[in-house]
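Please read the structure below before turning to the comments.
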Amino acid sequence: MMLLLDIKLKLSIMKSLKNLIVILLCLPLLTVNAKTKNNQFKRSDAGIRVGAAFGIPAGAIPDGASGLPMPAVSLGMFYSLKFTPKWSIQIGAETYSMKAKFNTPYSQFEYIGNVEKYINGNVNSTRVDTIFLDKATVENGMFNNKYLAIPITANYHFRKGWSVSLGTYVAYNFKKEMTGTAKDIYFGDRYNPEYSLKVTGTMPFNESDKIKNWDYGINVGGNYELKSGINFDMRINAGLTDFFVKEFTAPPSAYHNIVIQTTIGYRIGGTRRI
């Protein structure tokens, strides 16, 4: 019963967030005044951004697990259309990485590779097998996922040079990585763990194919622009879809991609017009 209520709550929150995004993106169109109709405030701008991204999949943390986001390069361009002195819409195209280290206990996953090398000590074997592993500890784990994203935001310019934003994004993961080194490994029958055997030594860990290709969610941030056209932007991208594929049951809960981007940009043409 509690699980069903939790699912219903999550679906309700996601639906509310999506409705909020639609309202905010439509709000500038609803607040256009007479001056806007005469194109006095309607201006468009384009620019570029470069900076850093810090991200990590967020979810329930298993006992003994740890993780740390790492900086990665963020590059992008944007186009903005201002409807009123206070409101504008911005669409962008960018690439960024979600890069993080992790160490974690792990259970119920498959290893594909040279099993004889690790279990029987046959270093000359070239045989490739698939074996089910009951549990292990993953060390020196690494996430390194590269995304191509399209963010769309509604921007509110509350004072000269300053603005806040709220919107949505969709991102394609064109390079997936979830790797590390497994130790303290037990393999055997997933339905009868008491028959498991311990593997001596370590084995490569690679579950990169368990990460989804697509991510989408909401973003919220703030921006400050100088008179020269140089601007400073910070955004948080919060994924609404699961980070891992549905068939992947090892994580103790659903995980969502959380990425913080901090960038320096330049609006082409310079000279602030806000």
Side-chain angles (χ1 to χ4, degrees), residues 14-53 55 73-97 147-174 214-241 257-274:
M14 289 177 65
K15 184 177 180 180
S16 299
L17 287 172
K18 291 176 182 178
N19 291 337
L20 178 61
I21 290 170
V22 172
I23 293 171
L24 288 171
L25 293 180
C26 292
L27 188 58
L29 300 177
L30 301 175
T31 58
V32 174
N33 55 30
K35 292 183 178 181
T36 305
K37 294 178 181 179
N38 295 326
N39 293 325
Q40 183 172 345
F41 297 114
K42 191 175 181 179
R43 297 191 177 106
S44 60
D45 291 296
I48 55 175
R49 290 193 179 110
V50 61
V73 175
S74 175
L75 299 170
M77 60 183 69
F78 63 88
Y79 173 81
S80 60
L81 184 63
K82 193 171 185 183
F83 293 91
T84 75
K86 295 292 186 181
W87 288 95
S88 67
I89 290 288
Q90 187 175 102
I91 183 170
E94 59 192 26
T95 179
Y96 60 85
S97 295
Y147 292 91
L148 180 62
I150 298 178
I152 302 174
T153 59
N155 301 277
Y156 178 68
H157 307 271
F158 61 93
R159 62 180 298 181
K160 195 170 185 179
W162 292 90
S163 66
V164 291
S165 65
L166 176 62
T168 186
Y169 74 92
V170 61
Y172 176 70
N173 190 345
F174 62 89
W214 291 94
D215 182 36
Y216 67 86
I218 62 173
N219 59 59
V220 60
N223 179 281
Y224 176 69
E225 184 175 301
L226 301 173
K227 291 181 179 180
S228 62
I230 295 174
N231 54 79
F232 303 89
D233 187 87
M234 177 174 285
R235 260 183 302 145
I236 300 175
N237 299 323
L240 295 179
T241 186
N257 203 11
I258 304 294
V259 177
I260 299 175
Q261 290 175 271
T262 174
T263 59
I264 299 175
Y266 178 71
R267 182 172 49 74
I268 297 172
T271 310
R272 184 171 65 208
R273 291 190 287 174
I274 297 176

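Since we're looking at a predicted model, the values are computed, not measured.
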*Any residue meeting ring-ring contact (aromatic ring centres under 6.0 Å, His included) with Tyr156, in chain and number order, not counting sequence neighbours*: Trp87
*asked:* If we ignore hydrogens and angles and just use 3.5 Å, is the side chain of Thr168 paired with the main-chain N or O of Gly217 as donor and acceptor?
replied: yes
_Enclosure of Ile150 CD1 (heavy-atom neighbours >12, cutoff 6.0 Å)_ = no
In Å, rounded to the nearest 0.5 Å, how long is the span from [atom1] of [X] to [atom2] of [Y]?
X: Arg267; Y: Phe78; atom1: CZ; atom2: CZ; value: 7.5 Å
X: Lys82; Y: Ile89; atom1: NZ; atom2: CD1; value: 13.0 Å
X: Gln90; Y: Leu81; atom1: CD; atom2: CG; value: 11.0 Å
X: Ser163; Y: Asp233; atom1: OG; atom2: CG; value: 7.5 Å
X: Ile91; Y: Tyr79; atom1: CD1; atom2: OH; value: 10.0 Å
X: Ser165; Y: Arg235; atom1: OG; atom2: CZ; value: 7.0 Å

*Start with the C-alpha gap between Val170 and Trp214, add the side-chain angles, then the distance that decides, and say whether side-chain contact (heavy atoms from CB on, under 4.5 Å) holds.*
CA-CA 7 Å; Val170 61; Trp214 291 94; 4.0 Å; yes
*When Arg49 is tested against each of Leu75, Asn231, Thr262, Ile264 for side-chain contact (heavy atoms from CB on, under 4.5 Å), which residue passes?*
Asn231
_The single option from Val259, Asp215, Thr153 passing side-chain contact (heavy atoms from CB on, under 4.5 Å) against Tyr169_ =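 Filter result, single survivor: Asp215.
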*asked:* Which label fits Tyr224 and Phe232: parallel for a plane angle under 30°, tilted from 30 to 60°, or perpendicular past 60°?
replied: parallel
What closest approach, in Å, do [X] and [Y] show between heavy atoms, and which atom pair accounts for it?
X: Gln261; Y: Tyr96; value: NE2-CD2, 3.8 Å
X: Glu225; Y: Asn223; value: N-OD1, 3.8 Å
X: Ile258; Y: Gly239; value: CD1-N, 4.4 Å
X: Ala171; Y: Ala149; value: CB-CB, 3.7 Å
X: Ala93; Y: Pro151; value: N-CD, 4.2 Å

*Sole candidate of Asn257, Thr95, Asn237 that passes side-chain hydrogen bond (donor to acceptor under 3.5 Å, both in side chains) when paired with Tyr147*: Asn257
